[in-house]
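What follows is a short report on a single structure.
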Amino acid sequence: MNDSSPQQSSQNQSTWASIATWRMAYEGMVKSSSGLEEGGQAGDAVETLIQEVEANPDYTSVGYGALPNREGEMEMDAAFMDGNNMALGAVAGIQYALHPISVARRLSRRHTSSFLVGQGATRYAQISGFEMRNMLTDRARRRWELESAKATRPESAGPYRGHDTVGAICLDLQGSMAAGTSTSGLFMKEPGRVGDSPLPGSGFYVDSAVGGAAATGLGEDIMKGCLSYRIVALMGRGLTPQEACDSAVYEFYSLLRKRCGKVGEISLIALNTRGEWGVATNVEFTFCTARKGEQTRILMANPDGKSGTRIDPVAKDWLQ
Ligand code: ASP
């Protein structure tokens, strides 16, 4: 479906490109790349890529088979943004929906009530005909049982055990860009907790005239810096995606360390209208990229000194 036309994007676009967080995005990126190659839309590519991760029970931080909150319930956050008309939709704490990204995308077509939380989000998905299922696999339930047996008091269940968001930004041959995120948030999180992933400007942002960014890591820290918006704003002022990521992430990391003493994991990806990408992170971080005429790649980013990022190819066996 054509969500919007690329009114603000660059003319005579000759390439398509995608970037997404973590190795888990690989299969979805391969699938969505063939759509982009055939002239498909950026929004469809983002949704296809993220749906693939959501449906895979082997990925324990997104969608089916992900890890639950402290009470053993799966609460998921997701968002979608169209970089042409800035339409955005999001859900937080949604339950039972197999594809939170698709619910978020549907919501992005509304002008009001486009960000729904908790029961309202779940009810909306149900009555709108989205596939609903018990998202907790036996394996996820067993891991929750083991973890809860260790926690004698609610607050002793650590706030940061097992995480990872799939975040994706795609550019199509027409020059349109879109971004999306999906996650079950932190394992053993407090019921009702919302991370950065559904929050525009923090977990994701995209503008087809400039580029897009998306985040993964400790949401509570990422949202303090509105890092995705910050990166897009820097690209808008002429920085390359890599310069924008380095500047936003490492400057904010230093500031937070100085002011708060501690900083969680923070990793950001970015893509511009020319299909150039950038990444910055304060931990070892895998990500995937694809571009017209290039193979889909899995790469590894590491912080390198105070304000730089080292990028290495990932060994082939990482795929197995
Ligand atoms: N950013 C996500 C959250 O805080 C988790 C992650 O990406 O690791 O919910």
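Read the numbers this way: they start at 1 and go in the same order the structure lists the ligands and their atoms. Keep in mind that what you see is a predicted model, and the values were worked out from it rather than measured. Scope of the values below: all heavy atoms of this structure, side chains included, with no hydrogens, waters or symmetry mates.
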Look at atom 3 (C) of ligand 1 and find which of K189, M76, R193 reaches it with the closest heavy atom.
R193
For the residue pair N272 / E276, report whether a side-chain donor-acceptor contact shorter than 3.5 Å exists.
yes
Close-contact set for ligand 1 against D196 heavy atoms, below 4.0 Å
1 (N), 2 (C), 3 (C), 4 (O)
Which of the ligand 1 atoms, numbered from 1, are nearer than 4.0 Å to a heavy atom of T216:
6 (C), 7 (O), 8 (O)
Only pairs under 3.5 Å count here: list side-chain donor-acceptor contacts from residues 119-130, not counting sequence neighbours, and write none if there are none.
residue, atom, partner, partner atom, Å
T122, OG1, Q95, N, 3.0
T122, OG1, G118, O, 3.2
S128, OG, Y124, O, 2.6

Which atoms of ligand 1 have any heavy atom of G185 under 4.0 Å away?
9 (O)
Among G217, G195, S202, closest by heavy atom to atom 5 (C) of ligand 1 is G217
Salt bridge flag under 4.0 Å for residues E75 and R193:
no
Between T281, N302, N282, D246, which is the residue that forms a side-chain hydrogen bond (donor to acceptor under 3.5 Å, both in side chains) with T309?
D246
Do L218 and ligand 1 have an N or O pair less than 3.5 Å apart?
no
Would you say the rings of F287 and W277 are close, in the sense that their centroids are separated by under 6.0 Å?
yes
Give the atom numbers and elements of ligand 1 that come within less than 4.0 Å of a heavy atom of S197.
1 (N), 2 (C)
Ligand 1 versus A215: contacting region, heavy-atom distance under 4.0 Å
neither
For the side-chain hydrogen bond (donor to acceptor under 3.5 Å, both in side chains) test, which of Q51, H99, E54 pairs with S182?
E54
